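Only one structure is covered here, and it is reproduced in the block below.
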There are 2 protein chains.
Amino acid sequence: MTKRNEQLTGDPAALVGWEPRRVAAVAPELPAGAAPPGTRGQILRTALGLFSEFGFHGTSIRLIASNVGINPATLYAHYSSKEQILADLVLLGHQELYDRLRRALGSADPSAPARLAALVRQHALIHTDYPLLAVVANSELHVLSAENAATALELRARCRGFLVDVLADGARSGEFRLVDLTLTAIAIGGLSMQIAHWFAPGNRYTPDQVADVYVRLALRMAGDTSHRKEN
Amino acid sequence: MTKRNEQLTGDPAALVGWEPRRVAAVAPELPAGAAPPGTRGQILRTALGLFSEFGFHGTSIRLIASNVGINPATLYAHYSSKEQILADLVLLGHQELYDRLRRALGSADPSAPARLAALVRQHALIHTDYPLLAVVANSELHVLSAENAATALELRARCRGFLVDVLADGARSGEFRLVDLTLTAIAIGGLSMQIAHWFAPGNRYTPDQVADVYVRLALRMAGDTSHRKEN
DNA sequence: GTCTATAGCGGGATAGAC
DNA sequence: GTCTATCCCGCTATAGAC
């Protein structure tokens, strides 16, 4: 039995989707340096775990406070409202994504396939590293007021711009054969987002393995002409 | 300017993601024959529209009732609880998906690429035809009790089985060159789900155009060896 | 089936002592 | 910063008349 055949006989149902949870049960972590210190950070991490599982409207101030181990009133010494906690999380998640993608483009080879691979790799890795943050940032953003969502939406637009630019460059140069620019960008942009819903440290894929697979899938979707055999 | 260049110069940001809505603003429709008649059906459709935009916990009984034009108490003559309304919607959405995929497989050519294309086409079309139902069935299922979610989860497992079987068959026969069975199945299975978040009738893609693109993307992801040039 | 009225509870947020 | 105590509101759901 080769490794390839092992993959073919593995049971996908064992990995994903059998349970009605929104995310795998992983510890709520925030990017190093991004989390505020002390109680404020503890509130943020606790809210992250609860929002990711029950949603913003399904999580009460009282529940957050009790999980932190403080009184509900104490929470308002650190955040002005429940929405402000979510706003901080959503912004933080989008900033981390934008920073990673920008750095990835900065250090990638200039060819379109190399830049696309770098973007997709980082997009996959942010979802394995911070799955709860990714779920909250993506699926609870819509409950924020327009003002609280504005900065995150601008960062998101820039990230989408990175992807569209790389795909368009590759199409012009002949490195890619796109089926359709807009829909391919949407599809590749959404590809890694599902990772947050099933990935957990210690399952049968490492983050790097997941990222490798997703990079190859994205290159196939873009119609990469440079390394077709390897894809 | 060729059509291909139009695609390349079209602005993707004009289509998707600039707004913090969960779904495009489309009328809340249910599959013909699946919706109950009279007030009961009206409640179901109204709840569908509200759940899709604000989520289950973000939607109150009072809001549903006022949008239907009835008293909140009247609602309980038709449904035993708010959760029961959601349970009906989630089940209905999963049944429609399962029925479509089963019919698609029944009428498809026996080759693996033809069956994969049929599955992906129907998966895409159900998201263009019933985007609100798809969003609710997918992203609010987790608030249901285990009993209320059980049937939908079983249907979902069968649908995933369809996809995994087709990919595994194609890999064995050499029609597909898979990067990884499990992750490809997850990726293709999630591919069309995003459609529900941006598609609206009357935008620049028809449902058939969307489905065509997604079928080609999926065949590329599977490493289809039979029609490589067309993909 | 639909209404009025309301029970009973839990929600977000605040006042003020320490 | 953290607590106790509480305000006030909106929530799901029910009782009972019509």
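Computed from a predicted structure; not experimentally measured. Values below: every heavy atom of this structure, side chains too, minus hydrogens, waters and symmetry copies. Lettering follows sequence order; numbering is per chain, from 1.
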Taking only the side-chain heavy atoms of [X] (C-beta and beyond), determine which of [options] contains the nearest atom.
| X | options | result |
| --- | --- | --- |
| A:Thr39 | D:dA13, D:dT2, D:dC3 | D:dT2 |
| B:Ala73 | D:dT2, D:dT14, D:dT4 | D:dT14 |
| A:Tyr76 | C:dA13, C:dC3, C:dT2 | C:dA13 |
| A:Lys82 | D:dA15, C:dA13, D:dC11 | C:dA13 |
| B:Ala77 | D:dT4, C:dG1, D:dG1 | C:dG1 |

Kindly say whether, by distance alone, the side chain of A:Arg62 makes a donor-acceptor pair under 3.5 Å with the base of C:dG12? yes

Please check the phosphate of C:dC3 (OP1 and OP2 only) for any side-chain N or O of B:Thr74 closer than 4.0 Å. yes

With a 4.0 Å limit, can you tell me whether A:Ser60 has a side-chain N or O closer than that to the phosphate oxygens OP1/OP2 of C:dG11? yes

Over all strands shown, is A:Leu75 touching base, sugar-phosphate only, or nothing at heavy-atom distances under 4.0 angstrom? nothing

Can A:Val68 and A:Leu75 be said to form a side chain to side chain contact (heavy atoms under 4.5 Å, CB included), step by step? CA-CA 10 Å; A:Val68 174; A:Leu75 214 143; over 6 Å; no

Between [X] ([atom1]) and [N] ([atom2]), how many Å, whole number?
| X | N | atom1 | atom2 | result |
| --- | --- | --- | --- | --- |
| A:His57 | C:dG11 | NE2 | P | 14 Å |
| B:Asn71 | C:dG1 | CG | P | 16 Å |
| A:Arg40 | D:dT2 | CZ | P | 12 Å |
| A:Gln42 | D:dT2 | CD | P | 12 Å |
| A:Gln84 | C:dA13 | CD | C1' | 15 Å |
| A:Ile61 | C:dT14 | CD1 | C1' | 13 Å |
| B:Tyr79 | C:dT2 | OH | P | 12 Å |

Between A:Tyr79 and A:Arg40, is there a cation-pi geometry (under 6.0 Å to ring centre, at most 45° from the normal)? yes

Check the angle between the aromatic planes of A:Trp198 and A:Tyr205 and answer parallel, tilted or perpendicular using the 30° and 60° thresholds. perpendicular

Starting at OH of B:Tyr98, measure out to CD of B:Glu154 and round the result to the nearest 0.5 Å. 9.0 Å

Heavy atoms only: give me the nearest A:Ala222-B:Arg220 pair and the separation to one decimal. C-NH1, 3.5 Å

